[in-house]
Amino acid sequence: MPGNPKLPEQEQRSAAGAPSPRERGEGKDIAIVGGGIIGICAAAFLAEAGRGVTIFDRTGICEETSSGNAAAFAFSDVLPLAHKGMIKHLPKWLADPLGPLSIPPAYLPRLLPWLIRFWRAGAPAKYEASLAAQAGMMKLAETEWMGLLDRCGARPMLREDGSLELYESEAEFQASLSGWAARERFGIGFRHVEGEGLAGLQPGLSPRFIKGTFVPGWKTVADPKLLGKAVWAYAEARGARFERAGIDRIAADQHGVRLTLADGTTRQARHLIVAAGAWSHLLAQQLGDRIPLETERGYNTTLPKSAFDVKRQLIFSGHGFVITPLETGLRVGGAVELGGIERPPNFNRSKALLQKAQQFLPGLNPSGGREWMGFRPSLPDSVPVIGKASGSRPVVYAFGHGHLGLTQAAATGRLIREIILGQVASVDLAPFSPQRF
């Protein structure tokens with residue numbers, strides 16, 4: 001690995017020698033790779049603790065996947081994706097190239113090992129363990145987000161309107177009940193509605209929806225990008241810094257971390273947090289840690305606010321998408337395309353979601369929309385990786401949150417701070433261990 005040309009020769013690290021004092025990162029305390037919502041929250045919690053933090057990102061703060069998500073604080077969404085019965089839906093979904101789940105045929109061989117792990121994660125014992133881990137994480141996430149919103153002055157961005165999940169048949173509703181029973185075990189409140197109760201929660205719905213489930217504790221934010229920028233402003237005011245740079249390589253030992261940037265220059269730090277979303281596992285591989293992360297490519301279209309008067313987030317679970325009212329528009333998006341990070345976007349998926357939305361909300365005006373695609377970093381058991389890299393190196397992983405990055409970001413920030421400071425963790429970290437695979 002090339003040395004930093006700005007350092008005197010005697011201070012540059014040799015291939016076998018120990019790092020110099022400057023290479024150990026004196027004055028460069030903590031580096032975070034990734035300027036999405038996970039990295040932003042980690043920076044905020046560490047800056048509050050008085051630590052020096054620099055975020056590295058190739059585009060900016062909250063400019064990629066964290067900018068275009070569905071804006072939900074989905075604290076009740078504790079069910080792992082590989083939940084009981086989901087595997088039964090896969091053949092039907094995969095038969096529709098624009099359906100809730102799509103896998104490009106050419107990508108299937110590469111994806112197969114992940115799919116096998118996903119199938120195994122649905123086993124009863126593993127399902128229950130993942131469910132309990134997610135429930136504990138969600139409880140911490142809600143507490144930490146409410147506190148962080150208050151501290152950074154972003155509480156007015158919070159919307160507490162609940163969510164409405166919709167069903168087109170009695171059979172679909174009955175199939176959902178086991179999942180609601182699981183949520184009820186963890187104290188999550190909800191009520192099933194139909195008829196006038198359903199119409200009152202969302203006027204103008206298509207009559208094809210015969211029942212729904214209202215979750216009063218579900219929350220959304222005015223706009224996820226604006227929220228990320230607000231949290232970053234808070235972190236920056238407490239000393240956190242940003243450097244626009246892609247990271248090509250990382251290396252670490254017990255003394256510190258070296259990052260090689262895309263332009264060939266290097267940076268050193270005492271600690272490194274890898275929170276680079278769908279690219280994180282590629283960095284972990286450089287340290288010898290093989291983590292089975294895959295990329296769920298999510299699509300949406302953001303319409304003008306006037307497109308339809310949506311009262312709260314609407315969830316069409318049978319079709320794999322949601323509609324969210326934002327301060328900046330009406331967002332129609334979701335679905336899953338397991339296709340990696342290199343394939344070009346297939347915006348026919350955005351168009352298919354919008355066509356369905358017109359059927360479900362007959363008065364919806366589909367004009368003037370902005371299409372978008374983002375990468376969700378997903379692990380087969382739906383539980384993120386939060387913990388130290390293998391060996392004694394000062395590297396912490398924080399990625400693999402799937403659909404729940406925004407929801408769990410503040411909890412992850414709290415846990416990262418506890419790991420870095422050597423404090424007792426707020427939740428049992430064993431289910432989130434990078435070494436569990």
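Everything numeric here is computed off the predicted structure, so don't read it as measured data.
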* Residues which pass side chain to side chain donor-acceptor pair (under 3.5 Å) with Thr65, listed by chain and number, not counting sequence neighbours -> none

For a 4.5 angstrom cut-off between non-hydrogen side-chain atoms, does [X] reach [Y]?
X      : Y      : value
His281 : Arg290 : no
Leu415 : Phe45  : no
Ile273 : Val53  : no
Phe73  : Leu227 : yes
Phe190 : Glu184 : yes
Glu296 : His403 : yes
Ile386 : Met137 : yes
Leu261 : Glu243 : yes

Heavy-atom pair with the smallest gap, counting every atom of [X] and [Y]:
X      : Y      : answer
Gly35  : Ile40  : O-CD1, 3.5 Å
Ala240 : Ala43  : CB-CB, 4.5 Å
Gly189 : Val215 : O-CG1, 3.6 Å
Asp248 : Ala262 : OD2-CA, 3.5 Å
Cys62  : Ser67  : O-CB, 3.3 Å
Ala70  : Val322 : CB-CG2, 3.7 Å

* After noting the C-alpha distance and the side-chain angles of Leu406 and Trp145, does the key distance pass the side-chain contact (heavy atoms from CB on, under 4.5 Å) rule? -> CA-CA 10 Å; Leu406 175 63; Trp145 258 124; 4.1 Å; yes

Answer yes or no: are there more than 12 heavy-atom neighbours, outside [X] itself, under 6.0 Å from its atom [atom1]?
X      : atom1 : answer
Lys139 : NZ    : no
Gln174 : CD    : yes
Arg155 : CZ    : yes

* **Qualifying residues under salt bridge (charged side-chain N to carboxylate O under 4.0 Å, His left out), relative to Asp381, sequence neighbours excluded** => Arg436

* To do: Might you work through the side chain to side chain donor-acceptor pair (under 3.5 Å) test for Tyr167 and Thr213, ending with a clear yes or no?
  => CA-CA 9 Å; Tyr167 313 105; Thr213 302; 2.8 Å; yes

Please answer whether the main-chain N or O of [Y] pairs with a side-chain N or O of [X] as donor and acceptor at a distance below 3.5 Å.
X      : Y      : value
Ser433 : Ala430 : no
Asn69  : Ser66  : yes
Gln435 : Lys388 : yes
Arg117 : Leu379 : no
Ser130 : Lys126 : yes
Thr220 : Arg312 : no
Arg297 : Ile341 : no
Arg151 : Glu48  : no
Arg183 : Ile188 : no
Gln313 : Trp218 : no

What's the spacing between [X] [atom1] and [Y] [atom2] if we round to 0.5 Å?
X      : Y      : atom1 : atom2 : answer
His255 : Gln268 : NE2   : CD    : 14.0 Å
Ile30  : Arg51  : CD1   : CZ    : 4.5 Å
Trp114 : Leu338 : CH2   : CG    : 5.5 Å
Leu226 : Glu327 : CG    : CD    : 6.0 Å
Ile416 : Leu421 : CD1   : CG    : 11.0 Å
Glu165 : Trp180 : CD    : CH2   : 5.0 Å

Could you tabulate the donor-acceptor pairs under 3.5 Å formed by side-chain atoms of residues 74-81, not counting sequence neighbours?
none

* To do: Start with the C-alpha gap between Arg58 and Glu64, add the side-chain angles, then the distance that decides, and say whether salt bridge (charged side-chain N to carboxylate O under 4.0 Å, His left out) holds.
  => CA-CA 10 Å; Arg58 64 182 183 179; Glu64 295 195 31; 2.9 Å; yes

* Evaluate the side chain to side chain donor-acceptor pair (under 3.5 Å) criterion for residues Glu294 and Tyr107: first the C-alpha distance (whole Å), next the side-chain angles of each, then the deciding distance (0.1 Å), finally the verdict. => CA-CA 11 Å; Glu294 259 302 334; Tyr107 194 72; 2.8 Å; yes

* To do: Mind telling me whether Trp232 and Phe242 have parallel, tilted or perpendicular rings, with 30° and 60° as the class edges?
  => perpendicular

* **Phe360 and Phe321 aromatic ring geometry - parallel, tilted or perpendicular at 30°/60° bounds** => parallel

* **side chain to side chain donor-acceptor pair (under 3.5 Å) assessment of Arg267 paired with Thr265** => CA-CA 7 Å; Arg267 304 290 185 273; Thr265 63; 3.2 Å; yes

* Trace of the salt bridge (charged side-chain N to carboxylate O under 4.0 Å, His left out) decision for Lys229 with Glu63 -> CA-CA 9 Å; Lys229 299 287 190 183; Glu63 291 291 342; 2.8 Å; yes

